[in-house]
2 protein chains.
Amino acid sequence: MQRRILSDQQCSVARTLDIVGDRWTPLVLRDIALGISRFDAIQADLGVSRKVLTQRLDALVEHAVLVRVPYSEHPPRYDYRLTEKGDDLALVLLALQQFGDKWAYGGEPPIQWRHLSCGQLSAPVACCDKCGEPVRPGDAIPLRGPSFDETSAPAIAEALDEIAAAFG
Amino acid sequence: MQRRILSDQQCSVARTLDIVGDRWTPLVLRDIALGISRFDAIQADLGVSRKVLTQRLDALVEHAVLVRVPYSEHPPRYDYRLTEKGDDLALVLLALQQFGDKWAYGGEPPIQWRHLSCGQLSAPVACCDKCGEPVRPGDAIPLRGPSFDETSAPAIAEALDEIAAAFG
DNA sequence: GCGAGTGAGTTCCCAAAAGAAACTTACGCT
DNA sequence: AGCGTAAGTTTCTTTTGGGAACTCACTCGC
């Protein structure tokens with residue numbers, strides 16, 4: 001029996017979960033995003049087993065989310081750094097953090113962000129890229145996109161039709 | 001040996017991962033957010049094993065992310081629906097979807113959103129809640145927040161200090 | 001030159017979680 | 001009485017994860 005691969009699903013969420021869909025990968029990325037970039041430092045900070053950390057780092061490099069930047073040859077030693085793709089994944093981390101700040105810490109978070117351009121303590125909000133207004137779930141409705149495949153996801157197709165019917 | 005509980009870490013990301021930190025939970029939430037709200041329908045759509053689905057739904061109800069809304073007694077049958085907390089988690093799904101739309105589908109996503117108030121096809125962008133400008137990783141720097149605990153996360157503390165030093 | 005230390009894995013063994021598929025319970029329908 | 005349906009539960013087997021010890025290729029202090 002194989003571990004279920006999610007990428008066969010025609011869904012952006014499923015595809016992304018093939019990269020970050022486990023307990024450790026997002027925390028590894030968080031550490032690297034904060035500048036904790038070496039194997040032993042990450043291992044010590046998270047307490048993850050060395051075997052699992054090796055597997056996760058290899059997978060992230062494989063997915064081009066991380067790059068190994070050598071800081072020594074003989075023996076080869078690297079810093080792990082985010083690629084541009086990794087920076088985009090950091091936005092997912094930010095969303096996880098926002099949720100935890102609100103629901104696990106009641107607005108007294110362990111870490112805050114200062115927005116460099118405006119200088120203020122900043123919490124990211126999801127906004128519509130067209131009108132710039134903040135978007136909450138319920139403010140937008142899902143529709144078939146260019147690569148939607150009717151036959152491979154009949155239950156989703158039906159759900160979309162029901163939503164479309166409800167909103168004219 | 002126990003499965004590692006992440007909530008002991010003083011980190012909003014880790015706390016949130018105790019709820020959605022596996023391959024199936026986010027997909028279950030996605031289905032429910034789209035209106036696929038019954039056990040068999042979710043199971044058929046995702047192909048997840050019934051045992052795992054039971055465990056995930058129970059955990060989500062436990063975490064108050066979902067509620068069971070009865071549609072039949074004798075035998076008891078429920079629709080699963082998102083709570084307000086669940087709606088907030090949907091923002092994490094949105095971030096996962098954004099990433100997948102860009103990196104797994106190259107901008108040709110299977111599902112799009114129409115923003116009801118402006119009527120346009122909308123992609124959510126993370127924006128600063130103070131100045132309203134879009135935020136990219138690198139546009140903001142992390143600082144100690146009110147509940148930061150110096151001693152329990154020395155590696156993070158050091159990383160924050162380095163960042164603070166670099167940005168004055 | 002030699003033993004101790006460091007960084008990054010690798011290997012082994014055992015416990016826990018996931019997958020598949022069959023079984024159960026409590027109905028409603030004909 | 002027998003079939004169908006919804007929502008689990010159980011059993012059995014394969015994978016994956018945790019913990020700790022081991023390896024390898026150096027560097028440094030003496």
Side-chain angles (χ1 to χ4, degrees), chain A residues 1-9 14 17-28 31-32 35-62 66-81 155 158, chain B residues 1-9 14 17-28 31-32 35-62 66-81 155 158:
Chain A
M1 178 192 27
Q2 269 269 81
R3 172 186 209 153
R4 188 63 190 286
I5 294 164
L6 298 172
S7 291
D8 57 345
Q9 298 228 358
L17 288 171
D18 262 341
I19 303 179
V20 286
D22 75 290
R23 325 174 63 67
W24 291 116
T25 301
L27 293 175
V28 170
D31 271 19
I32 293 172
I36 302 175
S37 61
R38 296 184 183 181
F39 188 94
D40 272 23
I42 300 169
Q43 196 276 320
D45 181 56
L46 298 180
V48 59
S49 83
R50 306 176 76 77
K51 181 177 65 169
V52 170
L53 180 56
T54 302
Q55 289 168 354
R56 294 299 177 274
L57 289 170
D58 286 350
L60 289 168
V61 169
E62 187 82 19
L66 298 181
V67 267
R68 284 189 246 258
V69 179
Y71 69 89
S72 139
E73 308 175 38
H74 305 301
R77 289 293 121 98
Y78 322 98
D79 286 305
Y80 289 92
R81 302 225 177 271
E158 199 190 327
Chain B
M1 178 192 30
Q2 270 271 83
R3 173 187 209 153
R4 190 60 190 287
I5 293 165
L6 298 173
S7 293
D8 57 345
Q9 297 228 357
L17 288 171
D18 262 340
I19 303 180
V20 288
D22 75 290
R23 328 176 59 66
W24 291 117
T25 300
L27 293 175
V28 170
D31 271 18
I32 293 171
I36 301 175
S37 62
R38 297 184 183 180
F39 188 94
D40 273 23
I42 300 169
Q43 195 276 321
D45 182 55
L46 297 181
V48 59
S49 84
R50 306 177 75 78
K51 181 178 65 169
V52 171
L53 180 55
T54 301
Q55 289 169 354
R56 294 299 177 274
L57 289 170
D58 286 351
L60 289 169
V61 169
E62 188 82 18
L66 298 181
V67 267
R68 284 189 245 259
V69 179
Y71 70 89
S72 141
E73 308 173 39
H74 305 300
R77 289 294 121 96
Y78 322 98
D79 285 304
Y80 289 92
R81 302 225 176 270
E158 197 191 326

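Each chain gets a letter, A, B and so on, in the order the sequences are listed, and its residues count up from 1.
- The structure places CZ of Phe39(A) at 7.5 Å from OH of Tyr80(A), a figure rounded to the nearest 0.5 Å.
- Comment: Asp40(B) does not engage Arg38(B) in a salt bridge, judged by the lack of any side-chain N to carboxylate O separation of less than 4.0 angstrom.
- Contact check, Arg38(B) against dT5(D): no side-chain N or O comes under 4.0 Å of OP1 or OP2.
- Taking 4.0 Å as the cut-off between side-chain N and carboxylate O, Asp58(A) and Arg68(A) count as a salt-bridged pair.
- In the set dA8(C), dG17(D), dA18(C), dG17(D) carries the atom at the smallest distance from any side-chain atom of Trp24(A).
- Judged by distance alone, with hydrogens and angles left aside, the side-chain atoms of Gln43(A) form no donor-acceptor pair with the main-chain N or O of Ser49(A) at under 3.5 Å.
- Note that the CG atom of Asp31(A) and the CG atom of Leu53(A) stand 9.5 Å from one another [nearest 0.5 Å].
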Give me, pair by pair, the N or O atoms of the protein and of nucleotides 9-12 of chain C that are less than 3.5 Å apart, along with how far apart they are.
residue	atom	partner	partner atom	Å
dG9(C)	OP2	Tyr80(A)	OH	2.8
dG9(C)	N7	Arg50(A)	NE	2.9
dG9(C)	N7	Arg50(A)	NH2	3.0
dG9(C)	O6	Arg50(A)	NE	3.2

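- In this structure, the nucleotide among dA17(C), dA6(D), dG18(D) sitting nearest to the side chain of Val52(A) is dG18(D).
- What separates CG of Leu53(B) from C1' of dA20(C) is a distance of 15 Å, to the nearest Å.
- Taking the salt bridge (charged side-chain N to carboxylate O under 4.0 Å, His left out) definition, one finds that Asp45(A) meets it with Arg30(A), sequence neighbours left out.
- Here CZ of Arg56(A) is found 13.0 Å from CD1 of Ile42(A). Values are rounded to the nearest 0.5 Å.
- Taking atom CG on Asp18(B) and atom P on dA17(C), their separation rounds to 13 Å, with Å as the unit.
- Partner of Val28(A) under the side chain to side chain contact (heavy atoms under 4.5 Å, CB included) criterion, chosen from Val52(A), Leu57(A), Asp22(A): Leu57(A).
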Check: protein-nucleotides 25-29 of chain C nitrogen or oxygen pairs below 3.5 Å:
residue	atom	partner	partner atom	Å
dC27(C)	OP1	His74(B)	O	3.2

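- Between Arg23(B) and the phosphate of dA17(C), there is no side-chain N or O to OP1/OP2 separation shorter than 4.0 Å.
- For dG7(C), neither phosphate oxygen OP1 nor OP2 lies less than 4.0 angstrom from any side-chain nitrogen or oxygen of Gln43(A).
- Gln55(B) places its CD atom 8 Å from the P atom of dA17(C), with the value rounded to the nearest Å.
- Remark: C1' of dT15(D) and CG of Asp22(A) are 14 Å apart, rounded to the nearest angstrom.
- Atom CD1 of Ile19(A) and atom CD of Glu62(A) lie 11.0 Å apart (nearest 0.5 Å).
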